[in-house]
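Notes follow the structure.
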Amino acid sequence: MDIIAAYREVGTYRGAAQICGTTHKTVRRIIERSLTNNKPTCRKSREHNFDAVAELVAEKVKATAGKISAKRLLPLAQAAGCTGSARNFRRLVASVKKAWRRDHRRGRRPAIWTPGEMLVIDWGEAQRNALPLGVCGARAAKPAHNRSKTCR
């Protein structure tokens, strides 16, 4: 049952709390909020001590394709005015790198097939003595099932 409806039906905070399975303090808070028609306030985002260097980190991550580490960036950030701890700074770098990787995903390149082409995989045994030792490319064509190295 809705807390407000339970309060209207019973008329007391403790009675509505017992019906809804909560505390009377929670019922009081919800009823007072509904009577004043105030919506719950949204939390304001807190300022971090590394916000001043967030753009610098984003630029360096972009320039290095996400390869730079927080260990290498920390002296640059401290010179630029970052007053936070190394741990907080590592969290910043990790989140920026994660966002960069999400936008620059290394995907697999699909094969482009033309009509009539086939992919044939032969997992047959390799010929051990197909080529003499030290001879590289002595034969014009190797068998399709040969998986051994050309040069030995």
Side-chain angles (χ1 to χ4, degrees), residues 1-126 131 134 136-137 142 144-152:
M1 179 177 251
D2 185 26
I3 292 177
I4 298 173
Y7 177 75
R8 287 182 184 153
E9 186 176 315
V10 178
T12 64
Y13 294 144
R14 292 182 188 269
Q18 189 174 11
I19 291 173
C20 296
T22 186
T23 65
H24 64 280
K25 294 179 182 181
T26 303
V27 173
R28 180 184 55 84
R29 191 177 328 114
I30 291 173
I31 297 300
E32 287 176 357
R33 189 183 310 146
S34 70
L35 292 176
T36 58
N37 292 329
N38 288 339
K39 303 222 184 278
T41 57
C42 296
R43 289 186 176 185
K44 296 178 183 175
S45 60
R46 295 178 64 186
E47 292 184 18
H48 299 284
N49 51 11
F50 51 73
D51 284 341
V53 294
E55 289 183 25
L56 170 75
V57 171
E59 289 172 10
K60 292 293 184 180
V61 167
K62 182 179 178 184
T64 60
K67 299 290 183 189
I68 195 163
S69 67
K71 179 181 177 180
R72 302 285 179 234
L73 279 173
L74 185 59
L76 296 173
Q78 287 174 340
C82 180
T83 58
S85 66
R87 183 174 182 178
N88 282 348
F89 186 71
R90 282 195 309 268
R91 288 184 184 136
L92 167 70
V93 173
S95 66
V96 170
K97 286 172 75 169
K98 186 176 181 181
W100 187 89
R101 278 189 225 113
R102 185 178 52 240
D103 295 337
H104 297 86
R105 202 175 75 101
R106 182 181 153 212
R108 136 185 132 69
R109 293 175 49 179
I112 300 172
W113 303 102
T114 59
E117 284 187 339
M118 292 186 295
L119 175 65
V120 178
I121 300 174
D122 186 7
W123 297 106
E125 286 293 318
L131 295 174
C136 198
K142 287 175 34 178
H145 62 276
N146 187 357
R147 291 174 45 201
S148 63
K149 292 183 180 178
T150 305
C151 296
R152 289 186 221 167

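Note that CG of Leu56 is 9.5 Å distant from SG of Cys82, once rounded to the nearest 0.5 Å. Atom CD1 of Ile4 and atom CD1 of Ile30 lie 7.0 Å apart (nearest 0.5 Å). Taken from NZ in Lys67 to CH2 in Trp100, the straight-line distance is 7.5 Å, to the nearest 0.5 Å. Note that CZ of Arg8 and CD1 of Ile31 are 7.5 Å apart. Values are rounded to the nearest 0.5 Å.
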Show the atom names and distances, to 0.1 Å, of all donor-acceptor pairs under 3.5 Å that link a side chain in residues 15-28 to residues at least two apart or in another chain.
unit_1 : atom_1 : unit_2 : atom_2 : d
Thr23  : OG1    : Thr26  : N      : 3.3
Thr23  : OG1    : Thr26  : OG1    : 3.0
Arg28  : NH1    : Glu32  : OE1    : 3.4

Subject >> Steps toward side chain to side chain contact (heavy atoms under 4.5 Å, CB included) verdict (Tyr7, Asp2) >> reply: CA-CA 9 Å; Tyr7 177 75; Asp2 185 26; over 6 Å; no
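A side chain to side chain contact (heavy atoms under 4.5 Å, CB included) with Arg101 is found for one member of Lys97, His104, Arg105 and no other, namely Lys97.
For Phe50, the ring-ring contact (aromatic ring centres under 6.0 Å, His included) partners are His48, not counting sequence neighbours.
Residue pairs meeting the side-chain hydrogen bond (donor to acceptor under 3.5 Å, both in side chains) criterion with at least one member in residues 85-95, sequence neighbours excluded: Asn88-Arg91.
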